[in-house]
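Have a look at the structure below before the remarks.
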Amino acid sequence: MSTEAEFLKYVHLLYHRGHLTLLSGNVSMRVGGEVLITPTSRPKPFLTPEELAWIDLEGRVLRGFLKPTSEWRMHVAIYKRRPDVGAVVHTHDVLPTVLADGIDPSVLSETEAYLGSGIAVVPYIQPGTAELAEAVASALERSNVAVLKRHGLVAVGRDLAEAVNRIEVVADLANATFYAAVLSAIKRG
Ligand SMILES: [Zn+2]
């Protein structure tokens, strides 16, 4: 299977699991000194290998006919600061975003091992800006996942499997935090 086809398996999975919407969220993986990244303004479930963009760490398009995601600055900023990172996933998961620093990592015991860090929280900064890219890359120097307030989630990993799993773990933690709060309110009720 080609690198692009393998990459698209994860993009499609993220869409069908409800982490990405048609046009929001973006995914990349590092291959040597290059980055394979989702394009801007193309419906995620129908993306084809030809529609993906190859860029360098300065954001210059090397191959492909579409522009990379408007968040390309965030992806390359992370790769520059984290040589160990091979994949970056950015989603617009609703519940983790709403809960943000209210997510309680202690509600599910196995999650710490998967995340390998705490969950960083980045204040709201306009999407697509160099300022957001810097803030996220800086937060991810000490963490493998970050909640971007009023915006979404970013997870990194050595490969796409690890980064995608971290998105799922944070989504599970947000669900568990929410259910635990609702159940304790009912008990008190
Ligand atoms: Zn976004």
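Below, all heavy atoms of this structure are taken into account, side chains as well, without hydrogens, waters or symmetry copies.
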Could you give the side-chain donor-acceptor pairs of residues 133-143 under 3.5 Å, partners two or more places apart or in another chain?
{"unit_1": "E134", "atom_1": "OE1", "unit_2": "R81", "atom_2": "NH2", "d": "2.2"}
{"unit_1": "E141", "atom_1": "OE2", "unit_2": "R81", "atom_2": "NH1", "d": "2.9"}
{"unit_1": "R142", "atom_1": "NH1", "unit_2": "S138", "atom_2": "O", "d": "3.4"}
{"unit_1": "S143", "atom_1": "OG", "unit_2": "S117", "atom_2": "OG", "d": "3.2"}
{"unit_1": "S143", "atom_1": "OG", "unit_2": "G118", "atom_2": "O", "d": "2.5"}
{"unit_1": "S143", "atom_1": "OG", "unit_2": "V145", "atom_2": "O", "d": "3.0"}

Is there a donor-acceptor contact under 3.5 Å from the side chain of R166 to the main chain of V156? yes

Is it the case that the side chain of K44 and the backbone of N26 share a donor-acceptor pair, with hydrogens and angles ignored and the cut-off at 3.5 Å? no

Grab the two heavy atoms, one from [X] and one from [Y], that are nearest each other, plus how far apart they are.
| X | Y | result |
| --- | --- | --- |
| V27 | F7 | O-CZ, 3.3 Å |
| P43 | L23 | N-CD2, 3.8 Å |
| D104 | L173 | O-CD2, 3.9 Å |
| N144 | L115 | ND2-O, 2.9 Å |

Sequence neighbours excluded, the answer for salt bridge (Lys or Arg N to Asp or Glu O under 4.0 Å) partners of E51 is R42

Identify, with sequence neighbours excluded, every residue that meets salt bridge (Lys or Arg N to Asp or Glu O under 4.0 Å) alongside E50. none

Would you sort out whether V164 and L13 count as a side chain to side chain contact (heavy atoms under 4.5 Å, CB included), showing the intermediate values? CA-CA 9 Å; V164 168; L13 180 146; 4.0 Å; yes

Between L108 and I167, is there shared hydrophobic-cluster membership here, with clusters defined by ILVMFWY side-chain heavy atoms closer than 4.5 Å? yes

Quick one: ring-ring contact (aromatic ring centres under 6.0 Å, His included) pairs with a partner in residues 83-139, sequence neighbours left out? H90-H92, H90-H151, H92-H151

Residues pairing under ring-ring contact (aromatic ring centres under 6.0 Å, His included) where one sits in residues 166-187, two or more places apart or in two chains, turn out to be none

Decide yes or no for L8 and L52: does some side-chain heavy atom of the first lie under 4.5 Å from some side-chain heavy atom of the second? yes

Contact check, side chains of K67 and V61, non-hydrogen atoms, under 4.5 Å: no

Pair V88-V154, side chain to side chain contact (heavy atoms under 4.5 Å, CB included): steps then yes or no: CA-CA 7 Å; V88 176; V154 180; 4.0 Å; yes

Determine, step by step, whether V31 and V35 satisfy the side chain to side chain contact (heavy atoms under 4.5 Å, CB included) criterion, reporting the C-alpha distance in whole Å, the side-chain angles of both residues, the deciding distance to 0.1 Å, and the verdict. CA-CA 6 Å; V31 183; V35 175; over 6 Å; no

Step by step, would you call Y10 with V89 a side chain to side chain contact (heavy atoms under 4.5 Å, CB included)? CA-CA 10 Å; Y10 285 100; V89 179; over 6 Å; no

Would you say the side chains of Y79 and S28 form a donor-acceptor pair under 3.5 Å? yes

Sorted by first residue and then second, give each salt bridge (charged side-chain N to carboxylate O under 4.0 Å, His left out) pair with at least one member in residues 20-39; sequence neighbours left out. E34-R63

